[in-house]
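Notes follow once the structure below has been shown.
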Amino acid sequence: MEKKAQDSRKGAPHRAVPPAVGLLFSMALMNTLLYFCLDWFFISCPRSAPSSAPSSAHCPHGHFRMGQMKNCSPWLSCEELRTEVRQLKRVGEGAVKRVFLSEWKERKVALSRLTSLEMKDDFLHGLRMLKTLQSKHVVTLLGYCEEDNTILTEYHPLGSLSNLEETLNLSKYHSVNTWQHRLQLAMNYVAIIQYLHHSPLGTLVMCDSSDLSKTLSQYLLTSNFSIVVNDLDALPLVNHSSRTFVKCGHRELHGDFVAPEQLWPYGEDMPFDDDLMPSYDEKIDIWKIPDVSSFLLGHVEGSDMVRFHLFDIHKACKSQTPAERPTAREILDTYEKVLNLLRETVMSQTREML
């Protein structure tokens with residue numbers, strides 16, 4: 001009798017769950033988790049556009065901090081540059097400066113040296129701009145020595161922006177070779193133009209930009225895939241109230257990349273004369289933004305969709321009348337709206353798929 005009671009307490013054996021049901025349950029659970037992860041990702045991703053506000057690494061004027069440095073250090077003096085910086089190899093050269101990969105306290109740095117005394121005025125102008133414009137948009141100044149015609153700045157191993165495609169084609173960077181990251185780069189670029197047009201010195205024009213390749217060479221790609229302007233040797237000042245405008249160089253410019261007002265206006269029959277060439281303002285920078293942005297967007301999946309949404313603002317940038325072109329701030333606001341719109345679209349489509 002007791003044995004029967006024990007048997008009855010054991011009860012009937014549990015029915016085995018069919019494998020197909022278990023698989024469906026697992027897939028449903030994974031989809032639910034994926035949904036919440038995607039939701040968290042799109043909500044938590046920073047969406048604010050770049051601004052001229054100081055970054056977290058901001059130091060008092062005359063000081064710097066880079067990499068893993070915890071504290072700000074004063075700009076290096078002539079004596080410190082001579083004794084503490086070890087020159088390694090030349091990595092670049094322009095009309096004004098030769099740039100050498102160097103080492104300071106086991107950190108890689110970039111040491112720039114004047115190419116010839118004829119270019120010293122441009123060299124000193126670039127140094128003054130670097131000293132005055134220090135912000136997250138400008139390469140970090142580490143020190144300088146006017147006696148030796150040297151400038152020390154932070155080294156960015158990815159090099160100039162003209163190397164972008166080669167960099168993103170490397171397998172280790174495939175994860176950032178997306179329209180989202182590329183549009184963010186375009187926003188970084190426009191934010192730099194916005195900063196220069198409203199700098200502490202006034203409205204500055206990025207004059208060293210007669211073609212796309214030359215323009216890209218003025219900027220560096222950082223290791224966290226943002227952009228800083230590096231070459232500030234040709235940065236004249238516009239003052240609308242005093243009717244002070246600029247001319248980028250003293251030679252005739254050609255091509256579609258430069259703004260129409262930068263072209264010789266008196267026809268081929270009249271030889272170019274710099275004294276007769278009209279001056280212009282910062283709107284020449286606006287004309288070039290669509291070309292630079294198109295390069296930055298590249299030809300990855302989704303980049304044509306971004307171009308479609310930016311068509312109207314880019315068309316306005318190409319207005320033949322400079323005053324009708326938008327400001328850099330208006331362009332940046334449009335880029336921000338497009339980025340948020342397309343992010344929401346992608347998130348909505350992903351949710352529908354789930």
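Here, residue 1 is the first one in the sequence, and each next residue gets the next number.
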Just wondering, do [Y] and [X] contact through their side chains at under 4.5 Å, heavy atoms?
X	Y	result
Trp264	His254	no
Pro326	Ile313	yes
Val229	Met206	yes
Leu310	Val306	yes
Leu297	Trp179	no
Leu164	Leu185	yes

Contacts of [X] that satisfy side chain to side chain contact (heavy atoms under 4.5 Å, CB included) - sequence neighbours left out:
X	value
Asp122	Val96, Met119
Lys70	none
Ser102	Val85, Gln87, Phe100, Val109, Leu111
Thr153	Ala110, Leu130, Val139, Leu141, Ile151

Give a yes or no on whether [X] and [Y] share a hydrophobic cluster (residues Ile, Leu, Val, Met, Phe, Trp, Tyr; joining criterion: side-chain heavy atoms under 4.5 Å apart).
X	Y	result
Val292	Ile284	no
Leu235	Val246	no
Leu276	Tyr280	yes
Met187	Leu220	yes
Phe311	Val190	no

Residues pairing under salt bridge (Lys or Arg N to Asp or Glu O under 4.0 Å) where one sits in residues 180-208, two or more places apart or in two chains, turn out to be Glu165-Arg182, Asp208-Lys214
Which pairs would a plain distance check flag for residues 267-274, meaning a side-chain donor or acceptor within less than 3.5 Å of a matching protein atom at least two apart in sequence or in another chain?
{"residue": "Asp273", "atom": "OD1", "partner": "Asp275", "partner atom": "N", "Å": "3.0"}
{"residue": "Asp274", "atom": "OD2", "partner": "His250", "partner atom": "ND1", "Å": "2.9"}

[X] versus [Y], closest heavy-atom pair with distance:
X	Y	value
Ser223	Leu158	CA-CD1, 4.1 Å
Leu221	Phe225	CD2-CE2, 4.0 Å
Cys317	Ile331	SG-CD1, 3.5 Å
Leu201	Met129	CD1-CE, 3.4 Å
Asn224	Ser226	OD1-OG, 3.1 Å
Ile227	Leu161	CD1-CD2, 3.8 Å

Lys/Arg-Asp/Glu bridge criterion (N-O < 4.0 Å) met for Arg329, Asp333 = yes
Pairing donors with acceptors under 3.5 angstrom, does anything connect the side chains of [X] and [Y]?
X	Y	answer
Lys288	Ser209	yes
His181	Thr178	yes
Glu84	Trp104	yes

Roughly how far, to the nearest 0.5 Å, is the [atom2] atom of [Y] from the [atom1] atom of [X]?
X	Y	atom1	atom2	value
Ile192	Lys136	CD1	NZ	10.0 Å
Leu212	Phe257	CG	CZ	5.0 Å
Leu183	Leu342	CG	CG	7.5 Å
Asn177	Ser171	CG	OG	12.0 Å

Test Lys97 against every option in Asn149, Thr150, Asp233, Thr115 by the side-chain hydrogen bond (donor to acceptor under 3.5 Å, both in side chains) rule and name the one that passes.
-> Asp233
Step-by-step side-chain hydrogen bond (donor to acceptor under 3.5 Å, both in side chains) determination, Thr321 to Ser319 = CA-CA 5 Å; Thr321 306; Ser319 172; 4.5 Å; no
Tell me if the [atom1] atom of [X] is crowded by more than 12 foreign heavy atoms within 6.0 Å.
X	atom1	value
Leu170	CG	yes
Asn239	CG	yes
His125	NE2	yes

Can you list every pair that meets disulfide bond (SG atoms under 2.5 Å apart) and has a residue in residues 131-239, with sequence neighbours left out?
->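 Only Cys78-Cys145, Cys207-Cys248 qualify under disulfide bond (SG atoms under 2.5 Å apart).
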Applying disulfide bond (SG atoms under 2.5 Å apart), which residue pairs with at least one partner in residues 160-201 are found, sequence neighbours left out?
->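 Found none.
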side-chain hydrogen bond (donor to acceptor under 3.5 Å, both in side chains) evaluation trace for Glu282 with His240 | CA-CA 10 Å; Glu282 75 278 6; His240 286 276; 3.0 Å; yes
Which class fits the ring pair Tyr195 and His137: parallel under 30°, tilted 30 to 60°, perpendicular over 60°?
-> tilted
Are His314 and Tyr335 close enough that their ring centres sit under 6.0 Å apart?
-> yes
Report yes if the distance between the aromatic ring centroids of Trp75 and His61 is under 6.0 Å, otherwise no.
-> yes
Of all residues at least two apart in sequence or in a different chain, which pass the salt bridge (Lys or Arg N to Asp or Glu O under 4.0 Å) check with Arg82?
->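 Residues passing salt bridge (Lys or Arg N to Asp or Glu O under 4.0 Å) with Arg82: Glu147, Asp148.
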Quick one: salt bridge (Lys or Arg N to Asp or Glu O under 4.0 Å) partners of Glu261, sequence neighbours excluded?
->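 Only Arg325 meet the salt bridge (Lys or Arg N to Asp or Glu O under 4.0 Å) criterion with Glu261.
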How is the hydrophobic cluster of Leu88 composed, in terms of its other members, when Ile, Leu, Val, Met, Phe, Trp and Tyr link through side-chain heavy atoms under 4.5 Å apart, directly or indirectly?
-> Val91, Val99, Leu101, Tyr155
Give the other cluster members for Trp287, using side-chain heavy-atom distances under 4.5 Å between Ile, Leu, Val, Met, Phe, Trp and Tyr residues; answer none if it is isolated.
->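 Listed partners: none, Trp287 stands alone.
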